[in-house]
Amino acid sequence: MPQINEAHRKSVGPLEMPPRLLLGPGPSNAHPAVLQALGLRQVGHLDPSFLNMMSEVQELLRYAWQTENRITIPVSATGSAAMEATIANIIEPGEVMLIGNMGYFGNRLEDMASRYQADVRTIKKPWGEVFSLDELKAAMEEHRPKVLALVHAETSTGARQPFEGVGDLCKQYDCLLIADTVTSLGGVPLFIDEWGIDLAYSCSQKGLSCPPGASPFTMSDRALEKLSKREGKVPNWYLDMSLVGKYWGAERTYHHTAPINMNYAIREALRLIAQEGLEARWARHQSTAELMWEGLEAMGLEMHVPKEFRLPTLTTVRVPAGVDAKAVTSKMLNDYNIEIGNGLGELGGKVWRIGLMGFNSRPENVVTLLAAMERVLAEVGYKK
Ligand SMILES: Cc1ncc(COP(=O)(O)O)c(C=O)c1O
């Protein structure tokens, strides 16, 4: 039997964590009402009250995503699992999947698609840029894919990929469209049905201001039809929507034990979105981000992405010459309890990533961030 030191066993105290302001690429701080919901008393996962609540989660999620898709659910895992669910359900071995890769999460899509034996084709953009409709059309013509996947909000670069017209293009080529909306849902205008998106996934820990662990997933009737005509089984039992869909559908048949309290939490997060209203919420994210961009520019800093394609939820700020990027993020965390992110992949050491997502997208957080940044930059020797 593994032993624990007797004195230590008795002295282990309750868990305490530092009061961080999470202004990195995610997670964002959960809304206090969401944390309260998380602590509500449990019921069983097949209890009538829980089954009713599941319907509310679906209805609220359809609103947040602007879709009428029947299969609109939170996957019981983080965003990467919801991402994998889109590919696992829709790709059959040997089918051509085209990936618009403009950053780190495009790489992840490529990796996942290859594991499901897709014939993966990619088009690439320098990190910080996005694809034009003409570029996408040329790639569709060349590759004739069964599925096109694009990242709406690339968290590694801070770029927003426009989707207007992409759904129509896909229909023209009889292709299904996957959208990664992990850093856009709940913060950036997003219209699943109007844009003709067939499969989308997201996470709970960014624009929804909920802890990580319940990840939105949706699929259209077109996507469901392809799923129903598969030759083989979905090669991932846990994420097979023909099974999971029965738990979230009219049957409510047991599939796995839903993380009960996480569903309370995401219901509360989605309720807060409905209460605020999508348009007001998108406008709040935009105006808070603009306040921050102005403040950073006044300090002589440059944003990496042109304003037209810049995400309000995640900003990449260029690290000025001679400044040690990691020294700044460490000081922000250790001296001011503020988390901001370092650059990822190709942008490592070149940018900081600052998130203003969901509950955290408020002017007082911008003022706190700017004041701390100014002091920390001066301490590491930066002069405007
Ligand atoms: C654009 C994008 N896609 C996918 C993911 C994966 O989500 P998770 O870390 O919740 O598994 C992330 C996480 O940051 C992301 O930013």
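Atoms within each ligand, like the ligands themselves, are counted from 1 in listed order.
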Taking N or O atoms only and a 3.5 Å limit, does [X] qualify as a polar contact for ligand 1?
X	result
R108	no
Y201	no
G79	yes
D180	yes

Considering only non-hydrogen protein atoms, determine which one is nearest to [atom] and report residue, atom name and distance to 0.1 Å.
atom	result
atom 5 (C) of ligand 1	F105 CE2, 3.5 Å
atom 13 (C) of ligand 1	K206 NZ, 3.5 Å
atom 9 (O) of ligand 1	Q205 NE2, 4.0 Å

For Y104, is the NZ or CZ atom of R108 found under 6.0 angstrom from the centre of its six-membered ring and inside 45 degrees of the ring axis?
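Negative - R108 is either too far from the ring of Y104 or too far off its axis.
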Taking the non-hydrogen atoms of E154, is any one of them nearer than 4.0 angstrom to ligand 1?
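It does not; every heavy atom stays at 4.0 Å or beyond.
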Is ligand 1 less than 4.0 angstrom away from at least one heavy atom of A153?
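A153: in contact with ligand 1 (<4.0 Å).
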Got a salt bridge between [X] and [Y], using NZ or NE/NH1/NH2 to carboxylate O under 4.0 Å?
X	Y	result
R121	D119	yes
E276	R281	yes
E141	K137	no
E95	K226	yes
E268	R271	yes

Please work out whether the ring planes of H45 and Y254 are parallel, tilted or perpendicular, with thresholds of 30° and 60°.
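Aromatic pair H45/Y254 classed perpendicular.
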As an exercise, identify every atom of ligand 1 less than 4.0 angstrom from a heavy atom of [X].
X	result
T155	1 (C), 2 (C), 15 (C), 16 (O)
S80	6 (C), 7 (O), 8 (P), 11 (O)
T183	16 (O)

Distance, nearest 0.5 Å, that separates CG of L311 from CE of M357
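CE of M357 is found 8.5 Å from CG of L311.
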